[in-house]
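Below is one structure, written out as structure tokens; the observations come after it.
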Amino acid sequence: MEALRVVLQKYPTLSVLGFAVAFRLVHRLLRDLPIPRHVEQDKVKAWRWRNLTVSLVHSLLTGPWALLCVFSSPEMISQIYSSYTTVDYLLVCISSGYFVQDAADIILSGQSKASWEFLVHHVMVLLCFMYAIYSHHYVGGTVIALLVEVNSVFLHTRLLLKLASAQDSGLYRVNKYFNLVTYVTFRLSTQFYLTWYIVQHFHALDHAGFFLFAMVFMDGMILVYFQRLVHTDFLRPQRRAAHCKDSAAINNGAKFVYD
């Protein structure tokens, strides 16, 4: 493992680009899988389906991985600046490759306007991740941040079910509760903990101002999306209206959680 760390840290840019290519290959392989006919017949929906399936693969890989890293090295919770292992560092490199690939996919597919919020999000994430990769600082904090991918499994499943017009299925109903619970436990809690940690240790951390700005920015995003999620899946009184507006959002290329 030490040899792997040496290679990754000696060639960080090539490592990230290599993993970006790997996720692009996953994207290509997933194109051969069958998709719902009505999705395949719509160019934007077909792109969304393939983009989401790659995102789901990333979440299924990195969410449990991040959870295992935290359980294996719980000291990183209180030492987000300095604590990490080779496995942690590899996880950050792989995830950075995914974000590079996903941003490129959005841009090259002509979906930048519809998904501009997520391009901004990806830029912020990559700035933080690449700082950790190059400086070898905040790697532990980055791994903790990747706990949000546990929730992303259910977020991506939610949108895939919507694309498949399966909002009335039992799977969708079960998924929406898992989505809500994991949004609070893995997304909101993780983001708020990291924000609190940076505030508490502001004067002891390098570039704390930038990281605090990034965290507050993403805190605002996830709160807005949480409000939309709860409103759409739990509070909206008319299911038909919810179905129509959600379908319109997906048809317009929305990447995440919209009304």
Side-chain angles (χ1 to χ4, degrees), residues 48-49 51-74 76-78 80 88 91 95 98-99 102 117-118 121-122 124-125 140-197 214-239 241-243 245-247 249-250 254-259:
R48 286 300 313 119
W49 184 278
N51 180 273
L52 280 168
T53 52
V54 177
S55 298
L56 182 59
V57 169
H58 169 256
S59 297
L60 287 168
L61 173 66
T62 60
W65 188 339
L67 198 59
L68 182 61
C69 287
V70 173
F71 274 115
S72 299
S73 305
M76 78 168 61
I77 296 174
S78 58
I80 71 169
D88 301 334
L91 171 61
S95 193
Y98 160 75
F99 284 110
D102 195 55
E117 295 170 76
F118 304 99
H121 169 270
H122 285 9
M124 296 297 294
V125 168
T142 304
V143 171
I144 293 172
L146 283 170
L147 289 173
V148 303
E149 295 300 330
V150 175
N151 169 246
S152 292
V153 171
F154 303 101
L155 277 176
H156 299 323
T157 300
R158 174 184 184 269
L159 286 185
L160 286 169
L161 289 169
K162 283 183 175 293
L163 278 171
S165 299
Q167 295 96 318
D168 294 324
S169 68
L171 179 58
Y172 185 90
R173 287 191 291 271
V174 171
N175 183 80
K176 76 176 184 179
Y177 288 105
F178 277 104
N179 189 26
L180 180 68
V181 171
T182 57
Y183 203 106
V184 173
T185 55
F186 287 100
R187 190 171 295 273
L188 291 176
S189 298
T190 296
Q191 291 283 136
F192 292 161
Y193 171 75
L194 290 172
T195 303
W196 171 84
Y197 186 98
M215 294 308 303
V216 171
F217 174 81
M218 287 186 276
D219 289 347
M221 287 188 72
I222 65 173
L223 284 172
V224 170
Y225 299 142
F226 184 63
Q227 184 273 331
R228 293 173 177 174
L229 176 69
V230 172
H231 178 70
T232 300
D233 278 356
F234 296 96
L235 300 182
R236 184 167 284 164
Q238 296 181 357
R239 291 177 60 85
H243 171 77
K245 294 186 75 176
D246 279 325
S247 296
I250 292 174
K255 180 171 173 61
F256 202 41
V257 187
Y258 278 88
D259 287 347

**Request:** Determine, step by step, whether K162 and L159 satisfy the side-chain contact (heavy atoms from CB on, under 4.5 Å) criterion, reporting the C-alpha distance in whole Å, the side-chain angles of both residues, the deciding distance to 0.1 Å, and the verdict.
**Result:** CA-CA 5 Å; K162 283 183 175 293; L159 286 185; 4.2 Å; yes
**Item:** Sequence-distant partners of L171, side chain to side chain contact (heavy atoms under 4.5 Å, CB included), two or more places apart
**Value:** L161, S169
**Message:** Using side-chain heavy atoms (C-beta onward) and a distance below 4.5 Å, is M218 in contact with T195?
**Reply:** no
**Message:** Tell me if a side-chain donor or acceptor on Y183 pairs with a main-chain N or O of I222 at a distance below 3.5 Å.
**Reply:** yes
**Request:** Output the distance between atom OG1 (T232) and atom NZ (K176), rounded to the nearest 0.5 Å.
**Result:** 11.0 Å
**Request:** Considering non-hydrogen atoms only, spot the tightest contact between H58 and S95 and give its length.
**Result:** NE2-OG, 2.9 Å
**Message:** I'd like to know whether the aromatic ring centres of H121 and F217 sit less than 6.0 Å apart in this structure.
**Reply:** no
**Request:** State which residues pass ring-ring contact (aromatic ring centres under 6.0 Å, His included) with F186; sequence neighbours excluded, sorted by chain then number.
**Result:** none
**Rounded distance [0.5 Å steps], CG in L68 versus OG1 in T62** = 12.5 Å
**Request:** Step by step, work out the side-chain contact (heavy atoms from CB on, under 4.5 Å) result for V54 and D102.
**Result:** CA-CA 8 Å; V54 177; D102 195 55; 6.0 Å; no
**Complete:** Residues R173 and D168: closest non-hydrogen pair is NH1-O, 2.7 Å
**Residues which pass ring-ring contact (aromatic ring centres under 6.0 Å, His included) with F234, listed by chain and number, not counting sequence neighbours** = Y177
**salt bridge (charged side-chain N to carboxylate O under 4.0 Å, His left out) evaluation trace for R158 with D233** = CA-CA 10 Å; R158 174 184 184 269; D233 278 356; 2.9 Å; yes
**Request:** Dump the intermediate steps for side-chain contact (heavy atoms from CB on, under 4.5 Å) on Q191 and S189, then the final yes or no.
**Result:** CA-CA 6 Å; Q191 291 283 136; S189 298; over 6 Å; no
**Asked** Got a sec, which residues hit side-chain hydrogen bond (donor to acceptor under 3.5 Å, both in side chains) with T142, two or more places apart in sequence or on another chain?
**Response** none
**Request:** Could I get the full list of ring-ring contact (aromatic ring centres under 6.0 Å, His included) partners for F192, not counting sequence neighbours?
**Result:** none
**Message:** The criterion is side-chain hydrogen bond (donor to acceptor under 3.5 Å, both in side chains); which residues satisfy it with T182, sequence neighbours excluded?
**Reply:** N151
**Message:** Please give me the minimum heavy-atom distance between M221 and E117, naming the atom from each residue.
**Reply:** CE-O, 3.7 Å
**Request:** Return the set of residues passing ring-ring contact (aromatic ring centres under 6.0 Å, His included) with F178 (not counting sequence neighbours), or none when no residue passes.
**Result:** F154
Let me check something: any side-chain donor-acceptor pairs from residues 143-150 under 3.5 Å, sequence neighbours excluded? List them with distances.
from	atom 1	to	atom 2	distance (Å)
E149	OE1	S59	OG	2.7
E149	OE1	S152	OG	3.4

**Prompt:** What residues form a side-chain hydrogen bond (donor to acceptor under 3.5 Å, both in side chains) with T157, not counting sequence neighbours?
**Reply:** none
**Request:** Hey, could you give me the CG/CD distance between L235 and Q227, rounded to the nearest 0.5 Å?
**Result:** 8.5 Å
**Request:** Would you please name every residue forming a side chain to side chain contact (heavy atoms under 4.5 Å, CB included) with V184, sequence neighbours left out?
**Result:** L188, F226
**Message:** Applying side chain to side chain contact (heavy atoms under 4.5 Å, CB included), can you list everything that pairs with Y193, at least two apart in sequence or on another chain?
**Reply:** I77, W196, Y197
